[in-house]
Every structure is written in structure tokens, then in C-alpha cells.
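What follows is one structure encoded as C-alpha cells, with my remarks underneath.
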Amino acid sequence: MNIPAAPKDPEKRRDFFYIIKNKDIFGTKMEDGRGIQYLYQSDGRLANSAQITGGITSEEELSLLNSVEGFRKLVHSIGVSVETKEPSENVLFAFQMYGKNDIYGGGTILNLSLNGDGIEKRIYLSDITWKEDDFIPGQIKVIMEKPEQLARLSVRLYLNDGFYAPEADEESETGFNSQEYKDMLANSIVSYGDTERLVKAINRAKSGKETCVAYIGGSITQGAGAAPINTECYAYKSYSLFKDKFGSGNNVHFIKAGVGGTPSELGIIRFERDVLRDNTVEPDIIIIEFAVNDEGDETKGDFYESLVKKALNQRNKPAVILLFSVFANDENLQERMIPIGRNYNLPMVSIKNAVTGQFYKKDGEGRVLTKSQYFYDIYHPSNTGHKIMAECLFYLIEQAEANVNGADGENSTEKLLLKEPVVGNTFEKIKLLDKRNTYKKAEIKPGGFTATDKILQCVEMDTNLELVPEFPYNWHYDGTNTGQPYFEMTITCKSLVLVFKDSGEKDAAKADIYVDGKYIRTADPYVNGWLHCNPMLIINESTSGSHLVHIEIDKADLEKKCTILGFGYVE
């Protein structure tokens, strides 16, 4: 007879809160054939999740989550459960602490092996051997045996004695079929604007002609927070709604050109490459989404307005829709961007206007969804959030078709394009310069920057899951040519943007930038501290002239690495 063993004494009940609750994740294929999902916890994300998902209001507890020392003081153990299609599948959960001196290699990694059966297992912090370099909670990695499959993850933090958490609140289902949801979609409309171009694109699709819908933006347009990222992102879902209603056969095509952590300053440099596909495609509708990425725009709107005008002034006169996404703190930059849209009478959609009012209602007060349901993390929407973004966009498109507003005369976009810009259109004709895209008025002496960097920020383009490297035709200083620790270029231009590689690796070098012998700024890969593309405006003059650009490795970093990804120039 098989008699079950006597159970252990029950653990003391501890207060806990969720940082991840029933979140859909998707395993991107790794080189070894397994799937991996990254969930970043740095830059305030962990504390924000504690607020939104866990209901934590204690400022002391929230502040403790910003360091490993505080995390260890607050947290007794970490409970993890994963549900996969095959419950017996082995899943590896890893919570990586970032190091102070060595971001990715210096911190402790909390590992837990469990099955995809939804049963919670715990990591006890008292069992961990911690490292001296531990600095901040960094990222969670979930590794599954099979790639490109969905799973559902929950993570909760059990608290040490003396700390408290509210009872977990069971959320009601999102009310997608309610009148309140329909009102929410309507609230997203900032302006229908002049819909002539948009209706023309709709009619083109309905007639069976080849029609292209393109999206450019930051990580939300890339699809961050969506699982899977290629088909659950707002871009693909809104494109699918458009294709299914207006398309005929396979005549409606899709371009997705989102790059995480980058502003319109970079977007306009890569517009020809990523949206127009090196001038081989003429999109009929272009959605521009940079409302949560442009805080670092050095021109406070000139790059954004230049991008808007560049899109509007394409030969085929595409419809341009401005989309304003929102952060979990209810903030975005739409107040800066809306005047630009109004200047050209453009259709505009605000996700902020649609959802933020909902977050503070209670059940029974017409609440459609909670902030926890909408957001994947502090910056990105969940699958639910991406669905709402898509339906807000499509609501505008449907209403545009039903209520055609050609806005002839003074209010037409065509007429308004002749007006003075609100901020500027200095960079409307900017072009990309790299090893492949040359410029006859640029003489380059690469010095020690003779190699090509292969470790680059990568993104999923269009419907693909394969990662595409950003700026592969770069100039790389690999730390071996210490006798020539510089890059020089003589260029004739009005404006010049350096695109520089950021990195959190220990072997990344700082570089000083000089123009015509004058120090301009230092490109420091650790300011942002993660692998991504960083645009920097280094020349901005009213007239074109010849300039000598000199980029030199910091003397303390001669044996480290530095990458110039490319330049954006205005002749």
C-alpha cells in the first residue's frame, strides 16, 4: 500500500504581493533551440509593479525594492508558478541582480527549476550566497524547453516579519463588450482631422489595389509587452482589423518599424531604411508613435515635426496618424505633439485619454479595466493593452470612413503643409550615413575604427520573430588599435547626428566628440547602461558648411571597445 508521507509542518503565513500576476509570456528562440522571455525589473519597474500589481502603498517598502540590500531586507522568499501547454515541461526561472561595477556579470542570480504545471515553488533568500558587487534587482529570465510558445507566469514576493501587504484583490474580467468600453474608444480621439488621405487609402484597399500600412515608433511599436510580440502587438492587431474589413485577398501589406528605447531623433534617420525599405515601398498609411520616447529629444519637437512632415510629403501622399501611447504614471508628451498634429489637421489618437480615467474607478462605477490589466510593466502595455491600442486606432479609421471629412480649402492637410512649422522641420531631409550608405561630401578617415561590431541592438520587424540587427554597417574600435584611438570625418552639412552604441558591458569605452577642434560632448555608453542606439546632435547650423568631426577614445579606455553606428546628416 502506498501511503503518502506525512506533510511538513505548514510554513508561517507571510504577507505577500504580486509583481507579476497571470502574465502571458512568449519564449523567443535561443541558439540552443530553447525559448526565453526577458522581464526587466530595473529603472523603477520593480517598484512600479509592486504598486500596480501588488497594491503596495508604503513608501518605505517601495524604496527598498530599488537596491539589492533593500530587497533582501524586505523579501523573505520569492514564489514562482508557470503554466505551459505541457505541464511536465521543465522551466528555468532566473532573477538576476545587476552588479555595481559589472552590470551583467557581477550580480547574484537566483535560479529556480520548476514545471509548467502552475504549482508554485519558492526561492528562499536565506539560502542564497550573495555577491559583493550586488547593486539593484535587474531582470527576470524564463527559459522553456520549447521556443515560440505561450506560457503564463506569476511571481509574488513573500515579506519578512515587520512588513505588510494588502490582501490580493481579485480583478474582474475586462469589460470589452460594455458601453463604457465603447465610450473609452471614443475618448481616445483627439482629432479626426482631414480624413481625405485616410479615406483614399481605405478605398484603395477596398478596390483590391496593393495597400500598405506602416508603423514607426519605439518599443511599444516594436511590440514590447505583447506575447507573442509579432502577432499580439497593437501594430499587427490594428493592421489585421484594417485588412479584414477593407482588404481583398492579400492586397493589404504590413510594415512594423519599432525600435526600443529610441526617439523620433533616431526614427527620422532610419525612416527611408525601415519604413520605405530603401525607397522600394510607398506606404498608404503611416502611424507615428513616439509620445513616450521623446523626452530626450534635444530639440523639444523639431525632430518629431520633421518626421511628421517627411511622412506627409512622400510622393504618394500617405495618410499620417499620430498615436500617443502612455506610461504607467499616466504621463506622455502629447501636449507637445498635439499642436504639431493640429498644424496639419491630422488624425490623432490618445491612449492616455482613453484609459487613464478608467484606472481610478471601482467595480460598479463603470470600470472597464485596471491599470494592472492594461500594463505589462511600467512602460509597456500587456496583451490587453495592445488590444485596446489597436481598437482605438481602428475606431478612428472606421469613423473616418463613415464620416468623411475632406476639409477642403484652408483646413486641408495639403494647404496646411505650406504653413510655417510649429517647432521646426530642420531635419526633414536627413539621410543616413554609414559604411553602406555613403555621401560624396563626406571624407572619412576611420583611424582605429576599422572593425565591424556584430553585438548590436536587434528588433523583430514586421511579422517576423527573427531578430534584425540595427545599424550593422558600423565603425567599430575593438581596443586593439591603440595607436589610432580616433575617428575623423570631414563633412559638408548643416546638421549632423551621431548614432552611438550604448552598452552596459565592462569593456565599453567613452569617446570625446570634437567639431572643428571644439569639444562638443562625451559619448558615454554607461549613461543609459544597456545595449541600444543613442542619437546625439553634434552639428546644427542654419547654413551648410565644411566641418571636421573628430571622435577620440578616452585615454583611460584605450583597450576597451566603442562603436559608431552611423550618422544622420542634412546637406
Side-chain angles (χ1 to χ4, degrees), residues 193 195-206 209-224 226 229-231 233-247 250-260 262-264 266-291 293 303-325 337 341 344 346-349 386 389-390 392-394 396-397 400 413 428 430 432 459-464 468 470:
T195 60
E196 181 179 0
R197 291 185 176 198
L198 185 53
V199 172
K200 179 183 175 183
I202 292 170
N203 290 336
R204 181 178 177 86
K206 289 169 69 175
K209 294 179 180 178
E210 299 298 305
T211 307
C212 179
V213 185
Y215 301 76
I216 185 168
S219 56
I220 295 176
T221 295
Q222 184 182 341
I229 195 170
N230 60 334
T231 56
C233 61
Y234 88 84
Y236 183 80
K237 292 179 82 68
S238 58
Y239 150 77
S240 294
L241 290 168
F242 183 94
K243 174 175 65 72
D244 292 345
K245 179 158 186 177
F246 303 122
N250 295 314
N251 70 311
V252 179
H253 308 290
F254 175 61
I255 285 178
K256 183 185 73 172
V259 176
T262 63
S264 57
L266 188 74
I268 193 168
I269 293 172
R270 58 185 183 82
F271 181 82
E272 272 96 351
R273 186 193 69 186
D274 292 354
V275 175
L276 305 183
R277 302 294 156 93
D278 293 324
N279 296 308
T280 63
V281 177
E282 292 186 331
D284 299 280
I285 300 174
I286 301 173
I287 292 92
I288 298 175
E289 180 269 322
F290 282 107
N293 285 72
F303 280 110
Y304 182 78
E305 187 167 9
S306 296
L307 175 59
V308 170
K309 290 203 71 174
K310 189 179 190 72
L312 286 167
N313 281 324
Q314 292 304 302
R315 185 181 66 84
N316 66 318
K317 299 181 180 180
V320 173
I321 301 173
L322 306 187
L323 175 63
F324 310 128
S325 46
M337 295 171 169
Y344 309 107
L346 298 182
M348 292 183 278
V349 174
H386 277 280
M389 289 185 68
C392 286
L393 262 178
F394 192 62
L396 178 139
I397 292 170
T413 296
E428 183 180 343
I430 201 166
L432 171 63
V459 300
E460 303 87 351
M461 303 286 285
D462 307 336
T463 60
N464 300 315
V468 177
E470 286 291 303

May I ask you to decide if Lys256's main-chain N or O and Asp462's side chain share a donor-acceptor pair within less than 3.5 Å?
-> yes
Closest heavy-atom contact between Tyr239 and Val252?
-> OH-O, 3.0 Å
Please report the closest heavy-atom contact between Leu346 and Val308, naming both atoms and the distance.
-> CD1-CG1, 3.7 Å
dist Lys317:NZ -> Lys200:NZ (nearest 0.5 Å) comes out at 7.0 Å
Salt-bridge test for Glu272 and Lys310: reply yes if a basic N is under 4.0 Å from a carboxylate O, no otherwise.
-> yes
Taking all atoms of both residues into account, what is the closest heavy-atom pair of Phe324 and Ala291, and its distance?
-> CA-CB, 3.6 Å
Flag, side chain of Asn313 to backbone of Lys309, donor-acceptor distance under 3.5 Å | yes
Taking only residues two or more places apart in sequence or in another chain, which ones pass side-chain contact (heavy atoms from CB on, under 4.5 Å) with Arg270?
-> Ile216, Ala257, Val259, Thr262, Leu266, Arg273, Asp274, Phe290, Glu470
Between Tyr234 and Ser325, does any side-chain donor sit less than 3.5 Å from a side-chain acceptor?
-> no
Could you pull out the closest heavy-atom pair between Asn250 and Glu210, with the gap in Å?
-> O-OE1, 4.5 Å
Not counting sequence neighbours, which residues clear side-chain contact (heavy atoms from CB on, under 4.5 Å) with Ala226? List them please.
-> Glu232, Cys233, Asn383, His386
Would you say Glu289's side chain and Leu323's backbone share a donor-acceptor pair under 3.5 angstrom?
-> no
Pro318 and Ile286 have their tightest heavy-atom pair at CG-CD1, 3.9 Å
Does a donor on one side chain and an acceptor on the other come within less than 3.5 Å for Gln314 and Glu282?
-> no
Using a distance-only test with no angle check, is there a side-chain donor-acceptor pair under 3.5 angstrom linking Glu428 and Ser306?
-> no
Test Tyr215 against every option in Tyr236, Phe242, Phe254 by the ring pair (Phe, Tyr, Trp, His ring centres under 6.0 Å) rule and name the one that passes.
-> Phe254
Note: Met461 and Arg277 closest approach over all heavy atoms is CE-NH2, 3.5 Å
